[in-house]
Amino acid sequence: MEQHTDTTPRKRRGRKNPPTSRASADAFSLEHVIGPRAGFGFLDSDRMAFLKERVLRLLQDYGVMIVHPEAHAALIKAGAREGSEAGRLRMPRALVHESLAATPKTTTLAGKTRAFDMQIPRADQGFILRTGTGGHGYVDPRDASYRNMDLKAVGEIAAVADSLDQVGFIAHPFVHGVPEVTADIHSYARISGYTNKHVWMQPYQKENVDYLLKIAAIAAGGEDQLRAHPSTSTITCSFSPLEFKYMDTEVIIACGKFGVPVHACSLPSAGGTAPLSAPSLTLMAVTEIIGMITMAHVLSPGLPVIATPLMFALDMRTGSALQSSVEALQAASLSIQLCKSYGLMAHTYGSGSDTPDADHQSMAERAMLMQTVALSGADILGGIGQLECATVFSPVQAVLDNEIGAMIRRFLRVPEISDEALNFDGMMNVAVGGHFLDADHTVTGCRDQFTPRIFQRVGRDDYEASNRRGAFEEARDQALSVINNAPDNGLLSEDQNTEITALAAAADKHIVEVYSGKVETI
């Protein structure tokens with residue numbers, strides 16, 4: 001028997017009074033049961049203290065390389081000391097502790113409307129999902145064919161992600177068919193025009209940062225609106241091991257002017273840019289993140305910074321980077337646990353696979369990854385829809401990931417243990433051959449059971465009658481339905497679209513000229 005998914009949008013309310021859900025909470029509504037979050041971690045207090053001491057020693061006694069002259073001077077003035085080589089700065093413990101104490105512990109990731117605002121951390125101690133970023137390949141949901149990412153695919157990603165209730169914000173991928181040095185501007189502009197959700201920005205060149213923030217301001221309704229309700233946040237990356245490029249330092253300064261939150265992102269690879277062990281990979285990532293937090297405190301005081309360790313391990317047989325190997329999973333858990341011990345907001349991959357297709361391996365790897373990092377305390381779980389170690393996006397996989405996210409959200413809810421929750425009186429008085437189908441306890445609780453929308457619970461006869469239709473087919477049809485019904489010109493006004501188009505054209509002219517002779521349209 002064919003099943004159909006209800007894609008009717010949920011009614012939203014303002015974020016001053018976030019709605020609760022009697023069914024399954026999502027990225028924009030809270031669990032009606034506000035209680036503890038189930039947890040897991042490899043680190044006890046002694047191991048935690050050991051790693052935190054090593055973070056401080058690396059920053060104070062070795063330091064980080066900073067090539068941005070303005071940032072270098074500001075950090076020296078704040079108390080940093082010259083290191084053993086030109087450009088390297090050592091950060092005293094007092095400055096690091098001051099920075100950690102002053103860094104905001106909460107922030108709002110705003111949508112274009114208040115219905116899509118998200119408070120981090122969530123009041124119900126849950127998490128939000130975000131789509132994969134940086135992918136240069138696309139798996140078309142129509143026929144599962146693969147092609148280079150293009151602007152049409154970017155629009156389809158935005159449309160599908162906009163429909164997924166567990167996905168709180170959307171990242172832009174790497175797009176082909178445009179000048180390589182402005183690929184981020186074109187992709188970000190397309191995503192921003194096709195969703196009312198928060199958008200994650202990833203600049204590719206130092207010249208691009210201002211253009212991207214101008215597009216964000218246009219999409220938000222003006223610079224004042226962007227400052228009041230930051231509908232974008234920006235990734236700033238370390239260059240492992242322990243270096244920071246000019247562009248990523250400039251991101252911290254530029255975002256400080258608008259109060260746009262930054263995701264302090266470290267992407268080390270065990271055996272490559274970090275030593276070959278999960279704890280040392282964790283130490284490298286968290287040290288770089290704490291270094292960025294210290295930089296942000298000095299360069300843009302009060303700027304919200306979200307700790308974002310994205311962990312990879314090299315396959316030592318092939319040299320390939322892996323995000324879902326056992327070693328990468330363990331490092332992701334360790335890094336989130338360590339970041340949360342500082343009271344920081346934390347974000348990492350919560351989905352993704354090292355296989356190139358939305359296959360059985362993919363489902364197993366991403367389910368294990370999401371459960372592991374969710375239990376470790378992550379506030380944001382990234383990588384929805386991504387395959388082949390974050391290089392490919394599949395809309396069908398994104399729909400499946402949304403379902404896993406809803407299940408994990410419910411899984412984290414710690415069950416109440418009380419006589420009432422146990423229906424202990426009923427158990428003490430059940431008759432021989434009795435049942436609990438008509439018990440008040442059952443009638444009350446049945447509406448609180450998690451009900452999947454995509455995963456199937458049909459019997460064999462119905463399964464065969466539907467030509468063995470499963471979760472993949474259901475997810476594919478949902479993705480195609482959303483894509484087919486998406487507005488051709490996006491969600492912004494004609495004036496906003498015109499202004500953004502003109503800005504992207506100006507960026508092409510300016511930035512391509514800056515890199516004259518070094519740029520290709522890819």
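As a basis for the values below, the full set of heavy atoms in this structure was taken, side chains included, without hydrogen atoms, waters or symmetry mates.
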A.B. asks: Please name the pair of heavy atoms, one in R130 and one in G382, separated by the smallest distance, quoted to 0.1 Å.
C.D. replies: CG-CA, 3.4 Å
A.B. asks: Classify the ring geometry of H347 against W200: parallel below 30°, tilted from 30° to 60°, perpendicular beyond 60°.
C.D. replies: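 The rings of H347 and W200 sit tilted, inter-plane angle from 30° to 60°.
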A.B. asks: Between Y146 and Y138, is the gap from one ring center to the other below 6.0 Å?
C.D. replies: no
A.B. asks: Locate the shortest heavy-atom distance separating Y342 from V286; write the atom from each residue and the value.
C.D. replies: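 Distance-wise, the nearest heavy atoms are CE1-CG1, 4.0 Å.
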A.B. asks: Going through the checks in order, is the side chain to side chain donor-acceptor pair (under 3.5 Å) test met by Y515 and E180?
C.D. replies: CA-CA 10 Å; Y515 290 88; E180 181 178 4; over 6 Å; no
A.B. asks: Mind listing the closest non-hydrogen atom pair of T236 and D248 along with its distance?
C.D. replies: OG1-O, 2.7 Å
A.B. asks: Do the numbers put R88 on top of the ring of Y62, so that NZ or CZ is under 6.0 Å from the six-membered ring centre and no more than 45° off the axis?
C.D. replies: yes
A.B. asks: Taking everything shown except K509 itself, do over 12 heavy atoms lie less than 6.0 Å from its NZ?
C.D. replies: no
A.B. asks: Is there side-chain contact between V64 and E243, with heavy atoms separated by less than 4.5 Å?
C.D. replies: no
A.B. asks: Does the side chain of L281 reach to within under 4.5 Å of the side chain of M284, using non-hydrogen atoms?
C.D. replies: no
A.B. asks: What are the two closest heavy atoms between P241 and T273, and how far apart are they?
C.D. replies: CB-O, 3.6 Å
A.B. asks: How far apart are the closest heavy atoms of P141 and V396, and which atoms are they?
C.D. replies: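 Nearest heavy atoms, P141 then V396: CB-CG2, 3.8 Å.
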A.B. asks: Judged by atom type as modelled, is there a donor-acceptor pair below 3.5 Å linking the side chain of Q166 to the main-chain atoms of A25?
C.D. replies: yes
A.B. asks: Within a radius of less than 6.0 Å around CZ of F239, do more than 12 heavy atoms belonging to other residues, nucleotides or ligands occur?
C.D. replies: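 No, because the 6.0 Å sphere around CZ of F239 holds 12 heavy atoms or fewer from other groups.
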A.B. asks: Give a yes or no answer on whether the side chain of T182 reaches the backbone of I185 with a donor-acceptor pair at less than 3.5 Å.
C.D. replies: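 Between the backbone of I185 and the side chain of T182 there is no qualifying donor-acceptor contact (under 3.5 Å).
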A.B. asks: Take atom CZ in R147; do more than 12 heavy atoms of anything else shown fall under 6.0 Å from it?
C.D. replies: yes
A.B. asks: Nearest 0.5 Å, what's the CD-CZ distance between E156 and R190?
C.D. replies: 10.5 Å
A.B. asks: Quick check against the 3.5 Å criterion: does S493 have a side-chain atom that pairs as donor or acceptor with the backbone of Q496?
C.D. replies: yes
A.B. asks: Does NZ or CZ of R409 lie under 6.0 Å from the centre of the six-membered ring of F127, at an angle within 45° of the ring axis?
C.D. replies: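 Yes, R409 sits over the ring of F127.
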A.B. asks: Is the ring pair H510/Y211 parallel, tilted or perpendicular, if the boundaries are 30 and 60 degrees?
C.D. replies: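 H510 vs Y211 ring planes: tilted.
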A.B. asks: List the steps and the verdict of side chain to side chain donor-acceptor pair (under 3.5 Å) for S362 and Q397.
C.D. replies: CA-CA 9 Å; S362 172; Q397 184 65 73; 2.9 Å; yes
A.B. asks: Between E223 and A217 (side chain of the first, backbone of the second, donor and acceptor by atom type, cut-off under 3.5 Å), is there such a pair?
C.D. replies: no
A.B. asks: Is there a side chain to side chain contact (heavy atoms under 4.5 Å, CB included) between E70 and I253 once you walk through the steps?
C.D. replies: CA-CA 10 Å; E70 181 183 343; I253 297 171; 4.3 Å; yes
A.B. asks: Would you say K197's side chain and V167's backbone share a donor-acceptor pair under 3.5 angstrom?
C.D. replies: yes
A.B. asks: Looking at H68, K206, K245, which one forms a side chain to side chain donor-acceptor pair (under 3.5 Å) with E250?
C.D. replies: H68
A.B. asks: Show the numbers, then the answer: is there a side chain to side chain donor-acceptor pair (under 3.5 Å) between H198 and S233?
C.D. replies: CA-CA 8 Å; H198 189 85; S233 54; 2.8 Å; yes
A.B. asks: Nearest 0.5 Å, what's the CG-CZ distance between D379 and R122?
C.D. replies: 10.0 Å
A.B. asks: Would you indicate whether the side-chain heavy atoms of T234 and P203 approach each other to under 4.5 Å?
C.D. replies: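 Contact flag for P203/T234 side chains = yes.
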A.B. asks: Hey, what do you get for CG (L56) to CD1 (I290), rounding to the nearest 0.5 Å?
C.D. replies: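 If I round to the nearest 0.5 Å, the distance is 8.5 Å.
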A.B. asks: Only one of I289, I293, T107 passes side chain to side chain contact (heavy atoms under 4.5 Å, CB included) with V305; say which it is.
C.D. replies: I293
A.B. asks: For A321, does its backbone N or O pair with a side-chain atom of S269 as donor and acceptor, under 3.5 Å?
C.D. replies: no
A.B. asks: Please check if the side chain of T287 supplies one atom and the backbone of L283 the other of a donor-acceptor pair under 3.5 Å.
C.D. replies: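 Yes: the side chain of T287 pairs with the backbone of L283.
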A.B. asks: Is the number of heavy atoms from other residues, nucleotides or ligands under 6.0 Å of E85 CD greater than 12?
C.D. replies: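 Above 12, so yes.
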A.B. asks: List in chain and number order the residues that pass side-chain hydrogen bond (donor to acceptor under 3.5 Å, both in side chains) with T113, two or more places apart in sequence or in another chain; answer none if no residue qualifies.
C.D. replies: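 So T113 forms no side-chain hydrogen bond (donor to acceptor under 3.5 Å, both in side chains) with any residue.
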A.B. asks: Pairs in or reaching into residues 393-404: which pass salt bridge (charged side-chain N to carboxylate O under 4.0 Å, His left out), with residues at least two apart or in two chains?
C.D. replies: R366-D401
A.B. asks: Between F174 and H172, is the ring centroid distance below 6.0 Å?
C.D. replies: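 Here the rings of H172 and F174 have centres that are no less than 6.0 Å from each other.
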A.B. asks: Check for a donor-acceptor pair, side chain of R37 on one end and backbone N or O of Q125 on the other, with a separation under 3.5 Å.
C.D. replies: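 Yes, R37 side chain to Q125 backbone: donor-acceptor pair under 3.5 Å.
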A.B. asks: Looking at CD of E31 and CG of L412, how far apart are the two atoms once the value is rounded to the nearest 0.5 Å?
C.D. replies: 9.0 Å
A.B. asks: Taking the side chain from S333 and the backbone from Q330, do they hold a donor-acceptor pair closer than 3.5 Å?
C.D. replies: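 Side chain of S333 to backbone of Q330: no pair is present.
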A.B. asks: Between the main-chain N or O of F258 and the side-chain N or O of R227, is there a donor-acceptor pair closer than 3.5 Å?
C.D. replies: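 Between the backbone of F258 and the side chain of R227 there is no qualifying donor-acceptor contact (under 3.5 Å).
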A.B. asks: Between N489 and N497, is a side chain to side chain donor-acceptor pair (under 3.5 Å) present by the stated rule, with each step listed?
C.D. replies: CA-CA 8 Å; N489 297 317; N497 284 329; over 6 Å; no
A.B. asks: How far apart are the closest heavy atoms of Y204 and D184, and which atoms are they?
C.D. replies: N-OD2, 2.8 Å
A.B. asks: Hey, is K152 close enough to D150 for a salt bridge, meaning N to O under 4.0 Å?
C.D. replies: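 Salt bridge absent between K152 and D150.
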